[in-house]
Amino acid sequence: MKILVINAGSSSLKYQLIDIETEKRLLKGICDRIGMDGGTLTQENAEGGTLTVERDMKTHKEAIELVLGALTDKQAGAISSVAEIGAVGHRVLHSGEDFDRSVIIDDEVVRICEKNAELGPLHMPGNIGCIKSCREVMPGVPMVAVFDTTFHSTMPPKAFMYGIPYSVYEKYKVRKYGFHGTSHKFVSEEAIKFLGAENCRRLIVCHLGNGSSISAVKDGKCVDTSMGFTPLEGLIMGTRSGDIDPAAVEFMRVKLGMKAEDTVQFLNKQCGMKGISELDSDMRVLEKAINEGNEKARLAVEAAAYRIKKYVGSFAAALGGVDAIAFTGGIGENSALMRRLVMQDTEWLGVDFDEEENSARRPGIRVLSKKGSKVSVLVIPTNEELSIARETYALVLAK
Ligand code: AMP
């Protein structure tokens, strides 16, 4: 079966067509500047055929229609008719407390997503707009919502509660939800397959990219995670502050003369490694700057690594020990420097880190701990689209 995986933002729409039997990606593409002037679709198939279409897309529906045309393109497409698409998997940011797993989309699911849109005001309208458009344009094709949050729905209340009045949690559902769930789930499953369930009962997954989060996973189920009510909590990320004293936020707001409604945007876009380095959010740029002696870049990376290390320690405590630590995401998979800084001085935890292997560049799953290390340290390339396609297939089959 061929599965179309869609990841829609407010003004962009990324998509992949995956053959689920072989788990091979047939093509990938992106629509940019939806709802703005200067819209473009770019696509590339597995044979290297490329397509660029410059056309304004006023709505997500127009974008979807353009995508369906591109899928059958002679040069860069992968199917001869849209009827070959067996199912569509939609990445949806937020499940609220309404879903604890992926679901087949029907009117009721759309209604619940609309109710939860206020929990993710930047992403949910795009997600929902795209689901509605696909249902209109591809009637009869089964569609599945795969949420970024549901992998974390197994967290116990003591882990997801904030120290706020219970009535506020009950009425407004203010609590930790966690994000990057498709990646944490995919990497956990891969780690368990690779090491065997018995050697991977207490796993810490470090998803380190532009956005970063860590999960504590016991027997394949999430028991805690670093992101919270929104993806702003937790680690020092590319441009997000991560954990910060809320009183410091109010103090900065007054000192910087910011409007209250701009503070979240400030913490999301101007802080993190970009804020500390006053240079860039991109790890490659920061590593280059460090090599050239830039001290603020060094501080940014060291502060980010220190925060990760503290979470690893606290999640080891939450899990009652740790059997394996898995790095993933653009930084987790590629930055030997970040992994080294995080893993330095973790012998107390039972890690015997293999520096040489850490610096080597190899594709696929890699083991960065020495033979005999009590804790296995792995690099596991994430594949969120494949994770969404797998979930979609499983639900469509079960139906
Ligand atoms: P992601 O959000 O998962 O795509 O990750 C993006 C981050 O990964 C950016 O900070 C990139 O600089 C970083 N990254 C990608 N490739 C490398 C690399 N070869 N070395 C260091 N960082 C990298």
Side-chain angles (χ1 to χ4, degrees), residues 5 7-9 12-16 25 28-30 32 42 44 91 93 122-123 148 151 178-188 190 205-215 225-227 230-232 234-242 268-292 294 296-308 326-343 355 357-366 368 378-388:
V5 174
N7 180 1
S12 72
L13 187 163
K14 292 188 205 141
Y15 60 95
Q16 290 194 5
R25 184 176 72 203
K28 65 171 179 177
I30 181 166
D32 267 321
T42 47
E44 183 177 359
R91 180 182 189 167
L93 178 80
L122 293 181
H123 294 87
D148 249 21
F151 180 63
F179 297 87
H180 288 146
T182 51
S183 178
H184 286 284
K185 183 169 194 280
F186 181 86
V187 172
S188 303
E190 294 293 301
V205 178
C206 305
H207 176 109
L208 311 177
N210 278 325
S212 299
S213 63
I214 302 200
S215 284
T225 193
S226 60
M227 281 181 169
T230 76
L232 184 51
L235 303 177
I236 293 177
M237 310 178 212
T239 60
R240 296 181 202 144
S241 65
N268 267 309
K269 299 279 183 208
Q270 303 300 327
C271 295
M273 294 198 289
K274 178 183 174 188
I276 297 175
S277 68
E278 296 190 315
L279 176 68
D280 209 286
S281 62
D282 192 290
M283 188 66 189
R284 284 164 294 200
V285 176
L286 294 173
E287 286 195 23
K288 185 163 175 282
I290 290 171
N291 291 336
E292 290 161 358
N294 184 321
K296 276 196 277 187
R298 174 176 300 282
L299 177 61
V301 171
E302 284 182 354
Y306 180 67
R307 181 77 56 89
I308 298 165
F327 286 95
T328 194
I331 296 173
E333 291 168 35
N334 297 299
S335 175
L337 172 64
M338 185 61 92
R339 291 190 303 252
R340 180 177 344 111
L341 290 172
V342 173
M343 287 290 104
E355 252 313 324
E357 186 56 33
N358 182 49
S359 304
R361 291 203 148 269
R362 288 185 230 284
I365 297 183
R366 296 164 53 198
L368 304 188
L378 307 174
V379 173
I380 301 183
T382 195
N383 191 337
E384 296 180 74
E385 288 77 14
L386 179 56
S387 181
I388 293 170

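Just so you know, ligand 1 is whichever comes first in the structure, and atom 1 is the first atom listed for that ligand. Values reported hereafter were calculated over all heavy atoms of this structure, with side chains retained and with hydrogens, waters and symmetry mates removed.
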Can you name the nearest heavy-atom pair linking [X] to [Y], along with the distance?
| X | Y | value |
| --- | --- | --- |
| Gly178 | Thr225 | CA-CG2, 3.5 Å |
| Met237 | Gly211 | SD-CA, 3.9 Å |
| Met338 | Ser335 | N-OG, 3.0 Å |

Within ligand 1, which atoms have a heavy atom of [X] less than 4.0 Å away?
| X | answer |
| --- | --- |
| Gly209 | 1 (P), 2 (O), 3 (O), 5 (O) |
| Glu287 | 21 (C) |
| Arg361 | 19 (N) |

**Message:** Test of understanding: with salt bridge (charged side-chain N to carboxylate O under 4.0 Å, His left out), list the residues that count as partners of Arg362, not counting sequence neighbours.
**Reply:** Glu357

**Message:** Assess whether a salt bridge exists between Glu384 and Arg91, defined as any Lys/Arg side-chain N lying under 4.0 Å from an Asp/Glu carboxylate O.
**Reply:**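 Yes, Glu384 and Arg91 are salt-bridged.
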
To which protein heavy atom is [atom] closest, and what is the distance rounded to 0.1 Å?
| atom | result |
| --- | --- |
| atom 10 (O) of ligand 1 | Met283 N, 3.0 Å |
| atom 18 (C) of ligand 1 | Asn334 CB, 3.3 Å |
| atom 13 (C) of ligand 1 | Ile331 CG1, 3.7 Å |
| atom 12 (O) of ligand 1 | Asp282 OD1, 2.5 Å |
| atom 14 (N) of ligand 1 | Gly330 O, 3.6 Å |
| atom 9 (C) of ligand 1 | Asn210 OD1, 3.8 Å |

**Flag: protein heavy atom within less than 4.0 Å of atom 2 (O) of ligand 1** =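 Flag for atom 2 (O) of ligand 1 set to true, protein heavy atom closer than 4.0 Å.
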
**Request:** Can you measure from CG (Asn7) to NE2 (His123) and round to the nearest 0.5 angstrom?
**Result:**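 Taking CG in Asn7 and NE2 in His123, the distance rounds to 8.0 Å.
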
**Prompt:** Does His207, backbone or side chain, put an N or O under 3.5 Å from an N or O of ligand 1?
**Reply:** no

**Request:** Quick one: sort the His207 and His184 rings into parallel, tilted or perpendicular, breaks at 30° and 60°.
**Result:** tilted

